[in-house]
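Note: hydrogens, waters and symmetry copies are ignored here, and every other heavy atom, side chains too, is used. Everything numeric here is computed off the predicted structure, so don't read it as measured data. Just follow the structure's listing: the first ligand is 1, and inside any ligand the first atom is 1.
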Amino acid sequence: EKGGYDYFMLKEIAEQPKAVADTLLGRIDLAGNLCLDEVHIPASVLREVSKVVIVACGTAYHAGMIAKYAIEHWTRIPCETELASEFRYRDPILDQRTLVIAISQSGETMDTLMALRHAREQGAKVLAICNTNGSTIPRESDAVLYTHAGPEVAVASTKAFLTQLVACYLVALYLGQVRGTKWGDEILSVIRELSEIATQVDQVLETMEPVRELARTLADKNTVLFLGRHVGYPVALEGALKLKELAYMHAEGFAAGELKHGPIALIEHDVPVVVVVPSPRGRSVLHDKIVSNIQEIRARGARTIVIAERGDETVAPYADHLIEIPATPTLLQPLVATVPLQVFACELATARGNEVDQPRNLAKSVTVE
Ligand code: M6R
């Protein structure tokens with residue numbers, strides 16, 4: 001049932017192109033418009049939404065952090081993303097015009113379920129983004145968008161994450177489309193690019209051997225740091241989470257702009273630092289800033305592992321290891337940038353002799369608070 005792979009995680013990483021294609025299936029019409037009628041929240045209600053609040057845990061929370069950038073950019077609706085476990089304990093402000101999005105692979109995560117129950121009690125509408133048909137979270141929500149990733153068995157989430165991202169982009173683009181923001185042309189072009197994304201994920205998967213080789217050389221390290229900006233920041237957090245849960249290594253993700261506010265003190269000789277570089281075209285200011293971050297940490301002895309768009313020549317001189325990914329619109333970059341980090345963590349876990357599919361102390365679905 002592992003389809004010839006040693007671990008479910010490897011199988012699920014390899015299934016990602018198909019999984020993201022399945023999330024998109026039937027949801028974009030021939031004219032390039034989104035059709036999400038299945039969501040069953042009338043367009044009139046979506047037009048009145050004054051705030052979006054995303055609740056989720058772990059990897060799903062990282063998908064939600066990325067969704068915030070997309071939703072605010074394409075819809076201009078204020079959006080916050082909150083850890084489901086914190087949400088109801090701080091008396092959040094919710095009303096009938098709040099759209100709460102609960103993201104969960106399993107649909108059974110107790111913290112997320114309690115957060116959505118709290119939101120509904122306050123009158124908010126809840127949309128679930130979920131991978132498991134008929135599970136508790138979609139059953140208790142007002143509407144659901146299934147990710148259709150297929151069963152995810154490995155404890156470490158991979159294909160569920162990518163498909164949660166695709167579902168979040170669909171919701172963000174749909175909200176933008178329904179509300180008719182000034183980003184109409186951009187929305188149409190991103191929908192087109194999204195339809196191509198499975199091919200790009202596939203291209204990344206085909207170039208992973210150097211990442212595996214690199215991971216094996218780092219098996220005796222104690223710490224790996226991850227840096228990113230904009231949507232690359234949640235990607236950095238996700239890379240660090242994968243490494244913690246699989247390799248049992250100390251790993252931390254930072255927003256690169258925070259380096260000088262503390263984390264740069266951690267940089268010493270040969271500490272591996274993975275940097276997710278934004279596209280040089282989209283947010284080029286951020287790109288240049290992160291290139292100077294890479295120079296700074298390298299000058300202090302860090303071993304720089306740089307994930308950058310293919311053809312981005314400005315970063316190459318400062319990368320001890322360069323991992324190239326295909327060009328995508330800025331907001332979609334996490335779909336290709338996360339894949340090398342999954343492969344990296346999986347290979348490090350193997351090199352350290354860890355149980356890849358069933359890491360110690362963890363359960364696939366956390367049904368207690
Ligand atoms: O089933 P859910 O998406 O609600 O699970 C949320 C987290 O428990 C989950 O993403 C966890 O962080 C994964 N093990 C990460 O790989």
Side-chain angles (χ1 to χ4, degrees), residues 7-13 15-16 19 23 54-67 81-88 100-117 119 126-141 144-168 226 234-249 251-253 334 338-339 341-346 348-349 354-369:
Y7 307 109
F8 279 106
M9 185 178 177
L10 287 172
K11 173 172 176 267
E12 289 159 7
I13 288 174
E15 283 170 350
Q16 292 183 113
T23 310
I54 303 176
V55 289
C57 302
T59 287
Y61 172 70
H62 298 150
M65 286 179 77
I66 294 165
T81 300
E82 181 139 0
L83 290 168
S85 54
E86 288 293 322
F87 184 65
R88 69 197 175 107
V100 171
I101 304 179
I103 310 175
S104 174
Q105 187 287 131
S106 61
E108 301 296 346
T109 299
M110 187 54 76
D111 286 317
T112 311
L113 180 61
M114 298 312 265
L116 84 83
R117 281 186 186 159
V126 178
L127 167 66
I129 290 181
C130 184
N131 194 42
T132 312
N133 278 30
S135 54
T136 313
I137 287 171
R139 272 194 283 118
E140 293 206 16
S141 299
V144 55
L145 190 64
Y146 282 111
T147 45
H148 299 315
E152 191 180 65
V153 177
V155 165
S157 188
T158 54
K159 64 176 179 171
F161 177 68
L162 256 61
T163 59
Q164 283 160 356
L165 284 179
V166 170
C168 287
F226 294 78
V235 172
L237 295 178
E238 175 61 6
L241 177 62
K242 286 278 119 28
L243 209 58
K244 282 175 212 166
E245 64 179 342
L246 291 157
Y248 316 150
M249 287 166 88
E252 263 194 87
T338 307
V339 176
L341 302 180
Q342 300 167 340
V343 172
F344 182 70
C346 185
L348 258 164
N354 297 352
E355 174 53 64
V356 171
D357 285 336
Q358 191 55 255
R360 67 185 182 200
N361 308 339
L362 290 172
K364 181 63 182 161
S365 145
V366 184
T367 54
V368 289
E369 262 195 280

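For the residue pair T136 and E108, a side-chain donor N or O sits within less than 3.5 Å of a side-chain acceptor on the partner. A donor and an acceptor atom, one from each side chain of Q16 and T158, are nowhere located under 3.5 Å apart.
Taking atom 5 (O) of ligand 1 as the reference point, the nearest protein heavy-atom neighbour is T109 OG1, 3.5 Å. Closest to atom 3 (O) of ligand 1 among all protein heavy atoms lies Q105 N, 2.6 Å. With hydrogens left out, the protein atom closest to atom 16 (O) of ligand 1 is E245 OE2, 2.3 Å, a heavy atom. Scanning the protein for heavy atoms near atom 1 (O) of ligand 1, the closest one is S106 OG, 2.7 Å. Considering only non-hydrogen protein atoms, atom 8 (O) of ligand 1 sits nearest to V366 CG2, 4.2 Å. For atom 7 (C) of ligand 1, the closest non-hydrogen atom on the protein side is C57 O, 3.6 Å. Of the protein's non-hydrogen atoms, the one nearest atom 10 (O) of ligand 1 is T59 N, 3.2 Å.
Within ligand 1, counting atoms from 1 as listed, the ones closer than 4.0 Å to a heavy atom of S157 are 15 (C), 16 (O). The atoms of ligand 1 that sit less than 4.0 Å from any heavy atom of A60 are 3 (O), 10 (O). For ligand 1 and S104, the ligand atoms under 4.0 Å from any heavy atom of the residue are 1 (O), 2 (P), 3 (O), 4 (O). Annotation for ligand 1: atoms under 4.0 Å from non-hydrogen atoms of G58 are 12 (O).
Atom CE of M9 sits about 4.5 Å away from atom SG of C346, to the nearest 0.5 Å. Note: L83 CG to M65 CE = 8.5 Å, rounded to the nearest 0.5 Å. To the nearest 0.5 Å, atoms OG (S104) and CD (Q164) are separated by 7.5 Å. The distance from atom CZ of R360 to atom CD of E355, rounded to the nearest 0.5 Å, is 12.5 Å. Interatomic distance, I103 CD1 to I137 CD1, rounded to the nearest 0.5 Å: 11.0 Å.
Side-chain atoms of F161 and I66, non-hydrogen and from C-beta on, do get closer than 4.5 Å to each other.
Using a non-hydrogen distance threshold of 4.0 Å, A156 registers as a contact of ligand 1. Look at K242 and you'll find a heavy atom under 4.0 Å from some atom of ligand 1. The shortest heavy-atom distance from T112 to ligand 1 is not under 4.0 Å.
Salt-bridge check for E140 with R117: passed, with a basic side-chain N closer than 4.0 Å to an acidic carboxylate O.
Paired with I101 under the rule side chain to side chain contact (heavy atoms under 4.5 Å, CB included), one option of L116, V126, I54, L145 passes, and it is I54.
Checking only distances, L241 never comes within under 3.5 Å of ligand 1, N or O to N or O.
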